[in-house]
Amino acid sequence: MVAATGNADTSVGHGELIKAVDLALTTHGRALLTGPAGAGKTEVVRAVAAAAEARRESVLRLAPEAADQWIPEASAAALLASVPAAALDQLSGPQRTAIALLRREADAPRAGRDHIALRLAVVEVLRTLAARQPVLLVLDNAQWLDAESTDLLRFALRLTPPRVRVLVAECVQGGASVGEPLCGPGVPAIRVPPLGADEVAELLVRHCLPARLAGRIHQASGGNPRLALALGHSLAEAAEARDSSAHHADPLPVSGQAREVARRLLAGVSAQARRTLLLAALASRPTTSLLRRAGRPDAEAELAEAERAALVRVGEDGTVEFTAGALLTALAADAGWPERAAGHAALAAAVDDPVQAVRHRALAVDTPDQWLAAEITEAAAVCRRRGQRALAAELGLLAADRTPSWLAGEELARLVTAAEDAGWAGRADLARRATRAVLARDASPADRVRARLAVMDAAGQALGALDETFAYAMDEAAGDPSLQAAVQLRIAWKHNLSDGDPVRSRDAAAEAGRLAALGGDQTAEAMALTVRARMGRILGDTDAEEILAEALALPAPEVPLGMRNAPQYLAVRHALFDDRLADARRQLMVLLPAVQRTGSAEDVFEVLRSLTEVELRSGRCEAASAHARRALELTIEAGLSPGPAWYVAAMAEAMGGSFARAAAYARRGIQASQEEQDQVFLSRSLHALGLVELATGEAAKAVATLRRVAALEAAQQVVDPSVLRWHGELAEALIAADAPGEAAELLDRVRTVALGLGRTGVVAALDRARGLCLSAQGEADAGVHLLESTARRFDDLQLPLERGRTLLALARVERRRRRRAPARAALRAAAEVFALAGAAPWTELAREPAPGEGGGAQAPAAAVLTEAETRLALLVSQGASNQEAAAKLFLSVKTVEARLTRIYQKLDVRSRAQLATALRTR
């Protein structure tokens with residue numbers, strides 16, 4: 001009689017829920033916890049019980065299993081078996097006898113028992129326990145209570161004193177609630193919510209599962225913790241079995257434990273409702289009207305039953321959406337072929353889209369049919385024109401499967417086209433499936449290369465695991481310059497993304513351009529020039545812009561390798577790097593509808609990423625956050641590599657949302673990029689995390705994080721500081737960590753490069769850090785002058801957030817000089833800039849201290865002590881002299897005196913007594 005095993009780790013995402021349950025128990029004495037199987041109810045119950053035990057309450061636990069519901073009074077017997085013997089000794093004779101009989105003969109005939117005595121005995125036991133200390137009665141899996149125990153407990157709980165609190169957790173599966181009558185009218189019912197995508201990512205990390213799969217697993221599990229972990233383990237096992245890492249876009253294997261969890265969820269509805277759900281699972285866009293037309297006249301009622309069981313959501317327009325994608329797979333897998341075929345046949349006659357009608361007709365049969373294969377091929381072409389490349393790939397594979405063996409040439413052509421559609425759509429699973437079929441046939445080298453290229457294109461950021469594919473493709477492309485150019489282009493991308501080697505990437509692109517020109521492929525030539533220009537910008541080549549102009553001059557009407565690799569898009573990126581934000585935004589608004597028409601999710605993501613960055617630098621945080629949300633949603637829906645999307649979300653949150661959320665997104669981006677060997681976005685996510693740590697006063701952490709960025713950038717031989725602007729942040733972190741000399745050296749070195757390349761925005765950011773550096777080195781007047789002029793330059797460059805950050809730095813310097821009026825003026829100006837931009841976390845940083853707060857404990861984060869300063873301040877406030885502090889910290893007395901002066905300035909105190917008071921307040 002124990003709780004079921006396999007419950008998920010609800011310390012993820014359920015902290016607030018546990019507080020809500022505690023509050024309900026404190027306020028009402030009763031609480032009802034509900035949710036589907038696997039939602040984490042048991043772990044929440046355990047956490048609440050553990051907290052009660054820590055308060056020295058008496059906790060009684062009852063957790064019946066499914067089989068117990070058929071044994072009369074089995075749960076009552078189990079509950080009484082857990083009661084201390086001392087509480088039973090005070091019972092009257094008939095009551096003790098009733099309990100003894102129940103505990104010894106729980107499954108014996110009930111006719112000879114004194115049921116009145118038994119009820120009174122339970123009431124008396126609870127009263128006795130409550131007289132000694134508060135009691136928490138925890139009833140988990142209440143849906144498995146037998147009827148007799150339910151009746152007994154309902155009677156007893158009506159008569160218990162207030163010191164007996166009751167927590168009931170149940171999974172309502174189509175039947176009536178047991179918890180409500182047990183707890184009484186008005187009981188607070190708290191439903192366990194599904195985990196969000198971020199919480200699923202954290203859950204996977206805690207269980208040592210790949211974070212890059214979080215989006216897909218969240219979608220497939222619907223946020224159910226048990227199902228999410230089961231899917232994660234299934235993926236890990238599948239990856240281990242094939243001796244490779246699971247790809248972020250692979251189909252999720254709903255097998256083993258995952259299928260059992262899904263089956264338990266589906267068991268909550270009737271067989272009739274499951275038949276309707278199967279039909280909905282087979283349809284691409286299920287609606288109640290479609291299901292009625294397909295032969296389910298009671299679809300509304302059956303879907304309402306499924307909705308109560310949290311299996312689907314039915315919109316006002318009748319659209320049907322499953323709460324967890326794994327439910328569709330489980331329904332289809334558990335149905336036999338005849339049932340699935342009949343469902344597809346019914347849907348073929350009911351749908352109003354000719355493409356879907358052809359798809360369902362094809363899935364309703366399993367024999368080759370020349371004419372049906374031709375219809376499917378035409379439907380795939382229609383999808384291609386619509387931009388539905390993933391569906392086109394699925395149809396292409398279906399057409400090849402329905403092609404008779406005597407049409408081997410047509411079958412092969414359909415497989416190659418399906419692979420290319422899958423590559424375009426980023427569907428690695430479909431691309432690999434089609435490519436395996438191509439390689440298993442007597443295909444020409446050209447067809448084999450085209451199929452392998454599709455696998456590369458579908459891999460997203462995870463090109464590092466495809467060395468063997470590259471080797472075979474190069475071998476098979478020998479003698480065909482156009483094919484060789486296509487392979488060399490992918491090699492160039494791999495050298496940049498996975499190897500972090502822009503020099504080799506630039507060289508591979510040059511070779512690709514030479515081969516493309518030799519083969520007369522102007523589109524590939526433009527792509528190769530684009531890669532050369534991109535790498536040239538990174539490496540600080542002076543001819544990068546000329547190469548880009550050469551690429552733009554070539555005709556590239558329809559870019560088969562993606563808009564993200566087109567010169568038009570690189571021109572946008574260069575405009576962003578050069579702070580020509582209006583130009584970049586205008587070009588992106590032209591590209592956005594164009595990429596949406598192509599059907600490439602990765603292209604759409606790239607444009608949304610750039611729009612986010614442009615809007616952030618332009619001071620439009622709300623618009624940037626909207627683009628970032630769309631980019632993240634698209635990443636999850638399309639199964640793209642999540643590292644870039646988490647980086648974009650981190651930057652949007654760091655400027656316009658929440659520093660805490662920004663740090664969480666950045667850490668996930670770091671992990672995903674490491675898992676996929678993506679050096680480019682690893683640097684970016686680390687930069688986002690370092691920025692947050694700097695803003696929140698964690699100087700030592702910021703230095704460590706940003707030094708990792710510096711090391712990665714050095715390894716990648718990045719020269720141009722405008723591509724990723726981490727240099728000023730690292731300098732500011734070094735200054736805050738009492739290393740102004742190192743900061744000055746960094747600033748001198750990078751400023752020389754930035755001036756030589758004409759990167760005015762970068763120079764301004766470096767000058768902001770230099771102003772802080774001058775102040776830290778005792779040249780406060782020069783620092784103030786430089787910060788004031790830098791704020792004006794950022795205003796001229798139309799970079800409002802950078803101007804706000806500079807004003808914040810100016811306020812810090814003025815406060816250290818005890819010039820309160822100029823400090824307040826700078827703070828107000830910064831707050832106005834941030835508020836206008838919608839930069840919520842920065843607006844809070846610029847909050848002016850209220851009257852009475854002074855400049856001490858409630859000073860903005862800019863005035864927070866560094867770790868070194870904190871150690872010294874604590875020693876001094878505890879009575880240590882300067883000499884004693886110097887000895888303990890292994891510093892010179894002169895250094896201690898200088899550092900103590902800075903501490904006094906930061907906290908606006910004038911004596912050791914005031915310092916001690918300020919620290920106590922902090």
Side-chain angles (χ1 to χ4, degrees), residues 1-2 24-26 28-32 45 49 52-53 56-65 67-170 176-187:
M1 188 85 55
V2 296
L25 288 172
T26 302
H28 301 278
R30 303 284 191 272
L32 175 59
V45 165
E53 287 177 332
R56 299 189 178 278
E57 295 183 26
S58 179
V59 178
L60 299 178
R61 294 182 178 85
L62 179 59
E65 296 179 342
D68 298 327
Q69 65 182 318
W70 311 115
I71 305 174
E73 295 179 342
S75 293
L79 176 64
L80 290 169
S82 67
V83 173
L88 304 179
D89 293 341
Q90 302 180 27
L91 297 175
S92 66
Q95 292 173 356
R96 281 202 307 273
T97 301
I99 288 180
L101 283 171
L102 179 66
R103 293 171 65 177
R104 286 200 308 268
E105 307 169 16
D107 57 350
R110 304 173 59 244
R113 300 178 190 168
D114 187 342
H115 297 289
I116 298 298
L118 180 60
R119 291 184 176 208
L120 294 174
V122 173
V123 172
E124 191 60 33
V125 164
L126 293 175
R127 286 177 174 172
T128 300
L129 291 173
R132 299 172 182 172
Q133 60 191 119
V135 175
L136 175 63
L137 173 58
V138 174
L139 175 51
D140 196 8
N141 293 333
Q143 71 275 10
W144 303 131
L145 277 174
D146 61 276
E148 292 75 11
S149 295
T150 302
D151 191 43
L152 187 155
L153 288 170
R154 183 167 55 243
F155 172 84
L157 293 179
R158 286 203 308 266
L159 302 177
T160 53
R163 282 165 63 87
V164 176
R165 300 184 302 157
V166 183
L167 171 58
V168 178
E170 69 174 341
S177 169
V178 174
E180 289 181 10
L182 277 178
C183 294
V187 59

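Residues: numbered from 1 along the sequence shown.
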Sole residue of L157, L167, V59, V168 in side-chain contact (heavy atoms from CB on, under 4.5 Å) with L137
L157
Residues forming a side-chain hydrogen bond (donor to acceptor under 3.5 Å, both in side chains) with T160, sequence neighbours excluded:
R30
Measuring from L136:CG to L129:CG, what's the distance to the nearest 0.5 Å?
12.0 Å
Using side-chain heavy atoms (C-beta onward) and a distance below 4.5 Å, is L145 in contact with L139?
yes
Determine, step by step, whether E65 and N141 satisfy the side-chain contact (heavy atoms from CB on, under 4.5 Å) criterion, reporting the C-alpha distance in whole Å, the side-chain angles of both residues, the deciding distance to 0.1 Å, and the verdict.
CA-CA 7 Å; E65 296 179 342; N141 293 333; 5.8 Å; no
Excluding sequence neighbours, so at least two apart, what forms side chain to side chain contact (heavy atoms under 4.5 Å, CB included) with A156?
V122, V123
Provide the closest heavy-atom pair for A31 versus C183 in the form atom of the first, atom of the second, distance.
O-SG, 4.2 Å
Among residues at least two apart in sequence or on other chains, which ones pass side-chain hydrogen bond (donor to acceptor under 3.5 Å, both in side chains) with R61?
E53
What is the minimum heavy-atom distance between A49 and V138, and which atoms define it?
CB-CG2, 4.2 Å
Distance from E57 atom CD to R163 atom CZ, nearest 0.5 Å?
9.0 Å
R158 meets the side chain to side chain contact (heavy atoms under 4.5 Å, CB included) criterion, sequence neighbours left out, with R154, F155
Say whether, by atom type as modelled, one donor and one acceptor occur between the side chain of R127 and the main chain of L159 under 3.5 angstrom.
yes
Heavy-atom closest contact (A142 atom, E170 atom, distance):
CB-CB, 3.8 Å
Taking side chain as C-beta onward, heavy atoms only, is L60 less than 4.5 Å from L126?
yes
